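Structure, as C-alpha coordinates:
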Amino acid sequence: MQRRDFLKKAAAGSIAAGTALGASTAAHAKAEFKWKMVTTWPKNFPGLGTGANNLAGLITEMSGGRLTVKVYGAKELVPAFEVFDAVSSGTAEMGHGAAYYWKGKNEAFQFFSTVPFGLTANEMNGWLYYGGGMELWREAYAPFKVLPAAAGNTSVQMGGWFNKEINSIADLKGLKMRIPGLGGEVLRRLGGTPVNLPGGELFTALSSGTIDATEWVGPYNDLAFGFYKAAKYYYYPGFHEPGTTLEAIINKKAYEKLPADLQAIVMNACKVVNMDMVAEYAARNPGALQTLLNKHKVELRSYPDDVLQQLRMASQEVVAELAKKDAFSAKVYASYQKFLEDTVAFSTVSDQAYLNARAENSA
Ligand code: CA
(Lines give C-alpha, C1' and ligand atoms only; values in the text may rest on other atoms or scores of the structure.)
Protein backbone atom coordinates (compact mmCIF):
# COMPACT_ATOMS: atom_id res chain seq x y z
CA MET A 1 0.00 0.00 0.00
CA GLN A 2 1.29 3.48 -0.92
CA ARG A 3 1.71 5.83 1.97
CA ARG A 4 -0.72 8.25 0.36
CA ASP A 5 -3.38 5.53 0.00
CA PHE A 6 -2.85 4.53 3.60
CA LEU A 7 -3.32 8.11 4.82
CA LYS A 8 -6.42 8.47 2.68
CA LYS A 9 -7.87 5.27 4.08
CA ALA A 10 -6.94 6.24 7.63
CA ALA A 11 -8.60 9.62 7.16
CA ALA A 12 -11.73 8.02 5.75
CA GLY A 13 -11.73 5.60 8.66
CA SER A 14 -11.46 8.35 11.22
CA ILE A 15 -14.24 10.30 9.58
CA ALA A 16 -16.42 7.20 9.66
CA ALA A 17 -15.52 6.67 13.32
CA GLY A 18 -16.22 10.32 14.03
CA THR A 19 -19.61 10.11 12.38
CA ALA A 20 -20.50 7.00 14.30
CA LEU A 21 -19.38 8.63 17.53
CA GLY A 22 -21.33 11.77 16.68
CA ALA A 23 -24.43 9.75 15.97
CA SER A 24 -24.16 7.78 19.18
CA THR A 25 -23.51 10.94 21.18
CA ALA A 26 -26.67 12.40 19.75
CA ALA A 27 -28.56 9.24 20.66
CA HIS A 28 -27.12 9.38 24.19
CA ALA A 29 -28.44 12.87 24.65
CA LYS A 30 -32.00 11.66 24.14
CA ALA A 31 -33.74 9.75 26.91
CA GLU A 32 -34.97 6.53 25.35
CA PHE A 33 -36.25 5.14 28.63
CA LYS A 34 -37.67 7.03 31.59
CA TRP A 35 -38.01 5.00 34.75
CA LYS A 36 -39.54 5.71 38.12
CA MET A 37 -37.91 4.33 41.28
CA VAL A 38 -40.17 4.07 44.33
CA THR A 39 -38.48 3.62 47.71
CA THR A 40 -39.33 2.59 51.25
CA TRP A 41 -37.23 5.47 52.65
CA PRO A 42 -38.05 9.09 53.32
CA LYS A 43 -36.81 11.13 50.35
CA ASN A 44 -33.09 11.93 50.61
CA PHE A 45 -32.75 10.10 53.96
CA PRO A 46 -29.02 9.82 54.76
CA GLY A 47 -27.42 6.59 53.59
CA LEU A 48 -30.62 4.84 52.51
CA GLY A 49 -32.51 7.47 50.52
CA THR A 50 -29.25 8.95 49.28
CA GLY A 51 -28.15 5.44 48.29
CA ALA A 52 -31.28 5.19 46.12
CA ASN A 53 -30.46 8.63 44.70
CA ASN A 54 -26.90 7.50 43.93
CA LEU A 55 -28.23 4.45 42.13
CA ALA A 56 -30.60 6.51 39.99
CA GLY A 57 -27.85 9.06 39.30
CA LEU A 58 -25.32 6.41 38.30
CA ILE A 59 -27.72 4.72 35.87
CA THR A 60 -28.65 8.04 34.31
CA GLU A 61 -25.01 9.14 34.08
CA MET A 62 -23.50 5.86 32.85
CA SER A 63 -26.18 5.52 30.18
CA GLY A 64 -25.38 9.02 28.94
CA GLY A 65 -28.97 9.96 29.69
CA ARG A 66 -30.49 7.21 27.54
CA LEU A 67 -32.09 5.72 30.66
CA THR A 68 -33.16 8.26 33.25
CA VAL A 69 -34.38 7.20 36.69
CA LYS A 70 -36.48 9.47 38.90
CA VAL A 71 -36.56 8.66 42.61
CA TYR A 72 -39.70 8.89 44.74
CA GLY A 73 -39.52 8.84 48.54
CA ALA A 74 -41.95 6.79 50.62
CA LYS A 75 -45.55 8.02 50.11
CA GLU A 76 -44.64 10.26 47.15
CA LEU A 77 -45.98 7.76 44.65
CA VAL A 78 -46.83 4.75 46.84
CA PRO A 79 -46.55 4.07 50.60
CA ALA A 80 -43.28 2.48 51.83
CA PHE A 81 -44.69 -1.01 52.18
CA GLU A 82 -46.33 -1.03 48.74
CA VAL A 83 -43.06 -0.63 46.85
CA PHE A 84 -42.79 -4.31 45.90
CA ASP A 85 -46.33 -4.46 44.53
CA ALA A 86 -45.80 -1.22 42.62
CA VAL A 87 -42.77 -2.69 40.87
CA SER A 88 -44.43 -6.07 40.34
CA SER A 89 -47.45 -4.43 38.67
CA GLY A 90 -45.35 -2.00 36.63
CA THR A 91 -46.64 1.17 38.36
CA ALA A 92 -42.91 1.86 38.79
CA GLU A 93 -40.11 0.21 36.83
CA MET A 94 -37.80 0.07 39.82
CA GLY A 95 -37.80 0.13 43.62
CA HIS A 96 -35.36 0.38 46.51
CA GLY A 97 -36.06 -1.25 49.87
CA ALA A 98 -35.30 -4.46 51.77
CA ALA A 99 -36.51 -8.01 51.18
CA TYR A 100 -37.81 -8.60 54.72
CA TYR A 101 -40.49 -5.97 54.19
CA TRP A 102 -42.18 -8.42 51.79
CA LYS A 103 -42.14 -11.49 54.04
CA GLY A 104 -45.95 -11.58 53.77
CA LYS A 105 -45.44 -12.85 50.19
CA ASN A 106 -42.98 -15.54 51.18
CA GLU A 107 -41.16 -15.79 54.49
CA ALA A 108 -38.04 -17.07 52.73
CA PHE A 109 -37.53 -13.54 51.33
CA GLN A 110 -36.06 -12.65 54.70
CA PHE A 111 -32.88 -14.58 53.96
CA PHE A 112 -32.10 -12.00 51.26
CA SER A 113 -32.10 -9.09 53.70
CA THR A 114 -30.72 -10.37 56.99
CA VAL A 115 -30.91 -13.19 59.51
CA PRO A 116 -30.39 -12.77 63.28
CA PHE A 117 -26.88 -13.94 64.20
CA GLY A 118 -26.31 -14.54 60.47
CA LEU A 119 -23.97 -13.15 57.83
CA THR A 120 -22.26 -9.74 57.96
CA ALA A 121 -22.27 -7.32 55.01
CA ASN A 122 -19.10 -8.71 53.47
CA GLU A 123 -20.26 -12.27 54.02
CA MET A 124 -23.72 -11.53 52.53
CA ASN A 125 -22.02 -10.27 49.40
CA GLY A 126 -19.94 -13.44 49.29
CA TRP A 127 -23.05 -15.60 49.54
CA LEU A 128 -25.06 -13.56 47.04
CA TYR A 129 -22.38 -13.08 44.38
CA TYR A 130 -20.32 -16.26 44.71
CA GLY A 131 -22.24 -18.64 46.97
CA GLY A 132 -25.49 -19.20 45.08
CA GLY A 133 -27.56 -16.59 46.94
CA MET A 134 -28.40 -14.42 43.92
CA GLU A 135 -29.76 -17.38 41.94
CA LEU A 136 -32.08 -18.25 44.83
CA TRP A 137 -33.14 -14.64 45.21
CA ARG A 138 -34.04 -14.42 41.51
CA GLU A 139 -36.01 -17.65 41.87
CA ALA A 140 -37.85 -16.22 44.91
CA TYR A 141 -39.01 -13.08 43.05
CA ALA A 142 -39.64 -14.72 39.66
CA PRO A 143 -43.38 -15.43 40.30
CA PHE A 144 -43.84 -11.69 40.85
CA LYS A 145 -42.08 -10.71 37.60
CA VAL A 146 -39.54 -8.81 39.66
CA LEU A 147 -35.74 -8.97 39.34
CA PRO A 148 -33.72 -8.40 42.51
CA ALA A 149 -30.25 -6.91 42.91
CA ALA A 150 -28.27 -6.20 46.07
CA ALA A 151 -28.07 -2.41 46.25
CA GLY A 152 -26.69 -1.39 49.61
CA ASN A 153 -25.88 -2.81 53.01
CA THR A 154 -26.09 -1.17 56.41
CA SER A 155 -23.37 -3.38 57.98
CA VAL A 156 -23.93 -4.40 61.63
CA GLN A 157 -26.82 -2.41 63.02
CA MET A 158 -27.30 -1.23 66.59
CA GLY A 159 -29.60 -3.03 69.03
CA GLY A 160 -32.01 -0.15 69.38
CA TRP A 161 -33.46 2.57 71.57
CA PHE A 162 -35.08 1.82 74.91
CA ASN A 163 -36.41 3.79 77.84
CA LYS A 164 -35.59 1.06 80.32
CA GLU A 165 -32.52 -1.05 80.85
CA ILE A 166 -32.44 -4.60 79.54
CA ASN A 167 -30.83 -6.51 82.37
CA SER A 168 -32.42 -9.89 81.80
CA ILE A 169 -34.52 -11.65 79.22
CA ALA A 170 -37.59 -10.88 81.40
CA ASP A 171 -37.15 -7.20 80.50
CA LEU A 172 -38.15 -8.04 76.93
CA LYS A 173 -41.50 -9.48 78.06
CA GLY A 174 -44.40 -7.26 77.09
CA LEU A 175 -42.08 -4.88 75.28
CA LYS A 176 -43.69 -3.35 72.20
CA MET A 177 -40.82 -2.75 69.84
CA ARG A 178 -40.45 -1.85 66.22
CA ILE A 179 -38.22 -4.56 64.84
CA PRO A 180 -38.78 -6.05 61.38
CA GLY A 181 -38.10 -9.45 59.88
CA LEU A 182 -36.85 -12.48 61.75
CA GLY A 183 -35.55 -10.32 64.61
CA GLY A 184 -39.18 -9.48 65.31
CA GLU A 185 -40.05 -13.17 65.50
CA VAL A 186 -37.22 -13.67 67.99
CA LEU A 187 -38.62 -10.89 70.17
CA ARG A 188 -42.09 -12.47 69.96
CA ARG A 189 -40.65 -15.82 71.04
CA LEU A 190 -39.20 -14.16 74.12
CA GLY A 191 -42.48 -12.54 75.12
CA GLY A 192 -42.25 -9.17 73.37
CA THR A 193 -44.55 -7.64 70.75
CA PRO A 194 -42.79 -6.81 67.51
CA VAL A 195 -44.30 -4.23 65.21
CA ASN A 196 -43.12 -3.10 61.83
CA LEU A 197 -43.41 0.52 60.79
CA PRO A 198 -41.68 2.42 57.99
CA GLY A 199 -38.69 4.48 59.13
CA GLY A 200 -40.48 7.78 58.63
CA GLU A 201 -43.06 6.89 61.31
CA LEU A 202 -40.69 5.74 64.03
CA PHE A 203 -39.88 8.96 65.85
CA THR A 204 -43.55 9.87 66.35
CA ALA A 205 -44.42 6.32 67.43
CA LEU A 206 -41.59 6.28 69.97
CA SER A 207 -42.21 9.78 71.35
CA SER A 208 -45.94 9.24 71.69
CA GLY A 209 -45.51 5.88 73.43
CA THR A 210 -47.23 3.93 70.66
CA ILE A 211 -44.14 1.73 70.85
CA ASP A 212 -41.84 1.23 73.87
CA ALA A 213 -38.66 0.77 71.90
CA THR A 214 -37.35 0.80 68.36
CA GLU A 215 -34.41 -0.25 66.35
CA TRP A 216 -33.62 1.44 63.06
CA VAL A 217 -30.12 1.18 61.62
CA GLY A 218 -26.97 2.57 63.20
CA PRO A 219 -25.63 5.83 64.62
CA TYR A 220 -25.55 7.77 61.32
CA ASN A 221 -29.21 7.03 60.53
CA ASP A 222 -30.46 7.01 64.11
CA LEU A 223 -28.93 10.43 64.78
CA ALA A 224 -30.71 11.78 61.69
CA PHE A 225 -34.09 10.65 63.02
CA GLY A 226 -33.40 12.16 66.46
CA PHE A 227 -34.27 9.07 68.51
CA TYR A 228 -32.06 10.39 71.33
CA LYS A 229 -34.86 12.89 72.06
CA ALA A 230 -37.32 10.06 72.73
CA ALA A 231 -35.25 7.31 74.37
CA LYS A 232 -32.51 7.17 76.96
CA TYR A 233 -30.61 3.96 76.27
CA TYR A 234 -28.89 2.91 73.08
CA TYR A 235 -28.22 -0.83 73.04
CA TYR A 236 -25.75 -2.89 71.03
CA PRO A 237 -25.07 -5.09 69.16
CA GLY A 238 -27.78 -5.39 66.53
CA PHE A 239 -27.90 -9.18 66.75
CA HIS A 240 -31.05 -9.07 64.63
CA GLU A 241 -29.47 -7.28 61.65
CA PRO A 242 -25.78 -8.13 61.33
CA GLY A 243 -25.48 -6.93 57.73
CA THR A 244 -28.77 -6.04 56.12
CA THR A 245 -28.74 -6.15 52.35
CA LEU A 246 -30.86 -3.50 50.72
CA GLU A 247 -32.34 -4.30 47.40
CA ALA A 248 -33.05 -2.76 44.07
CA ILE A 249 -36.05 -4.42 42.48
CA ILE A 250 -36.77 -4.13 38.79
CA ASN A 251 -39.91 -4.86 36.82
CA LYS A 252 -38.97 -7.76 34.57
CA LYS A 253 -40.84 -6.52 31.50
CA ALA A 254 -39.27 -3.07 31.75
CA TYR A 255 -35.83 -4.64 32.12
CA GLU A 256 -36.33 -6.87 29.09
CA LYS A 257 -37.19 -3.84 26.96
CA LEU A 258 -33.68 -2.45 27.57
CA PRO A 259 -30.82 -3.17 25.16
CA ALA A 260 -28.04 -5.31 26.63
CA ASP A 261 -25.73 -2.39 27.41
CA LEU A 262 -28.39 -0.61 29.48
CA GLN A 263 -29.21 -3.84 31.29
CA ALA A 264 -25.54 -4.17 32.18
CA ILE A 265 -25.47 -0.57 33.36
CA VAL A 266 -28.49 -1.11 35.65
CA MET A 267 -27.06 -4.26 37.24
CA ASN A 268 -23.55 -2.88 37.63
CA ALA A 269 -24.82 0.40 39.06
CA CYS A 270 -26.59 -1.69 41.72
CA LYS A 271 -23.30 -3.41 42.49
CA VAL A 272 -21.46 -0.11 42.84
CA VAL A 273 -24.09 1.25 45.23
CA ASN A 274 -24.11 -2.05 47.14
CA MET A 275 -20.41 -1.69 47.88
CA ASP A 276 -20.38 2.08 48.23
CA MET A 277 -22.98 2.14 50.98
CA VAL A 278 -20.83 -0.11 53.19
CA ALA A 279 -17.96 2.34 52.77
CA GLU A 280 -20.21 5.28 53.59
CA TYR A 281 -21.47 3.70 56.81
CA ALA A 282 -17.92 2.76 57.81
CA ALA A 283 -16.97 6.41 57.41
CA ARG A 284 -20.01 8.03 59.03
CA ASN A 285 -21.12 5.77 61.89
CA PRO A 286 -18.13 6.34 64.21
CA GLY A 287 -18.51 10.14 64.25
CA ALA A 288 -22.29 9.90 64.61
CA LEU A 289 -21.90 7.64 67.65
CA GLN A 290 -19.55 10.17 69.25
CA THR A 291 -22.10 12.93 68.62
CA LEU A 292 -24.86 10.83 70.22
CA LEU A 293 -22.73 10.09 73.28
CA ASN A 294 -20.93 13.40 73.79
CA LYS A 295 -23.39 15.98 72.55
CA HIS A 296 -26.73 14.31 73.21
CA LYS A 297 -25.62 12.36 76.32
CA VAL A 298 -27.09 9.09 75.15
CA GLU A 299 -26.40 6.15 77.48
CA LEU A 300 -24.77 3.33 75.57
CA ARG A 301 -25.46 -0.18 76.84
CA SER A 302 -24.45 -3.65 75.78
CA TYR A 303 -27.02 -6.45 75.93
CA PRO A 304 -25.85 -8.67 78.82
CA ASP A 305 -24.10 -11.89 77.75
CA ASP A 306 -26.87 -14.16 79.02
CA VAL A 307 -29.49 -12.10 77.17
CA LEU A 308 -27.46 -12.42 73.97
CA GLN A 309 -27.11 -16.14 74.54
CA GLN A 310 -30.87 -16.57 74.85
CA LEU A 311 -31.45 -14.33 71.85
CA ARG A 312 -29.04 -16.50 69.88
CA MET A 313 -30.82 -19.72 70.88
CA ALA A 314 -34.23 -18.25 70.04
CA SER A 315 -32.84 -16.99 66.71
CA GLN A 316 -31.60 -20.43 65.73
CA GLU A 317 -35.03 -21.87 66.51
CA VAL A 318 -36.88 -19.22 64.54
CA VAL A 319 -34.63 -19.61 61.48
CA ALA A 320 -34.72 -23.40 61.58
CA GLU A 321 -38.53 -23.34 61.78
CA LEU A 322 -38.69 -21.00 58.81
CA ALA A 323 -36.75 -23.64 56.86
CA LYS A 324 -39.54 -26.12 57.48
CA LYS A 325 -42.31 -23.97 55.93
CA ASP A 326 -41.91 -25.21 52.38
CA ALA A 327 -39.43 -26.77 49.95
CA PHE A 328 -38.13 -23.43 48.69
CA SER A 329 -37.49 -22.10 52.21
CA ALA A 330 -35.65 -25.33 52.98
CA LYS A 331 -33.48 -24.90 49.91
CA VAL A 332 -32.59 -21.29 50.75
CA TYR A 333 -31.92 -22.18 54.38
CA ALA A 334 -29.61 -25.05 53.37
CA SER A 335 -27.59 -22.78 51.08
CA TYR A 336 -27.44 -19.92 53.59
CA GLN A 337 -26.63 -22.17 56.53
CA LYS A 338 -23.81 -23.97 54.72
CA PHE A 339 -22.26 -20.64 53.75
CA LEU A 340 -22.65 -19.38 57.33
CA GLU A 341 -20.98 -22.45 58.84
CA ASP A 342 -18.04 -22.25 56.45
CA THR A 343 -17.74 -18.52 57.05
CA VAL A 344 -17.80 -18.84 60.83
CA ALA A 345 -15.02 -21.44 60.66
CA PHE A 346 -12.91 -19.06 58.61
CA SER A 347 -13.79 -15.77 60.33
CA THR A 348 -12.64 -17.11 63.71
CA VAL A 349 -9.11 -17.26 62.31
CA SER A 350 -9.42 -14.13 60.14
CA ASP A 351 -11.66 -11.11 60.84
CA GLN A 352 -12.68 -12.10 64.34
CA ALA A 353 -9.16 -13.09 65.40
CA TYR A 354 -7.79 -9.87 64.01
CA LEU A 355 -10.47 -7.63 65.57
CA ASN A 356 -9.97 -9.31 68.95
CA ALA A 357 -6.22 -8.84 68.69
CA ARG A 358 -6.59 -5.22 67.67
CA ALA A 359 -9.03 -4.45 70.48
CA GLU A 360 -6.71 -6.00 73.08
CA ASN A 361 -3.73 -4.13 71.76
CA SER A 362 -5.54 -0.80 71.89
CA ALA A 363 -6.88 -1.36 75.43
CA1 CA B 1 -33.04 -2.17 61.40
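Every number for a ligand or one of its atoms is a count from 1 in the order of the listing. All values reported here derive from a predicted model rather than from experimental measurement.
In this structure the side chain of Leu175 reaches within 4.5 angstrom of the side chain of Lys164, judged on heavy atoms.
When ring centroids are compared, Tyr336 and Trp127 come within the 6.0 Å threshold. Checked against a 6.0 Å centroid threshold, the rings of Tyr303 and Tyr236 do not count as neighbours. Not less than 6.0 angstrom separates the ring centroid of Phe109 from the ring centroid of Trp102. The distance between the ring centers of Tyr228 and Tyr234 does not fall below 6.0 angstrom.
For the Ca ion (ligand 1), protein N, O or S atoms under 3.0 Å: 5 in total.
With Tyr129 as the aromatic partner, Lys271 meets the cation-pi criteria of under 6.0 angstrom to the ring centre and within 45 degrees of the ring axis.
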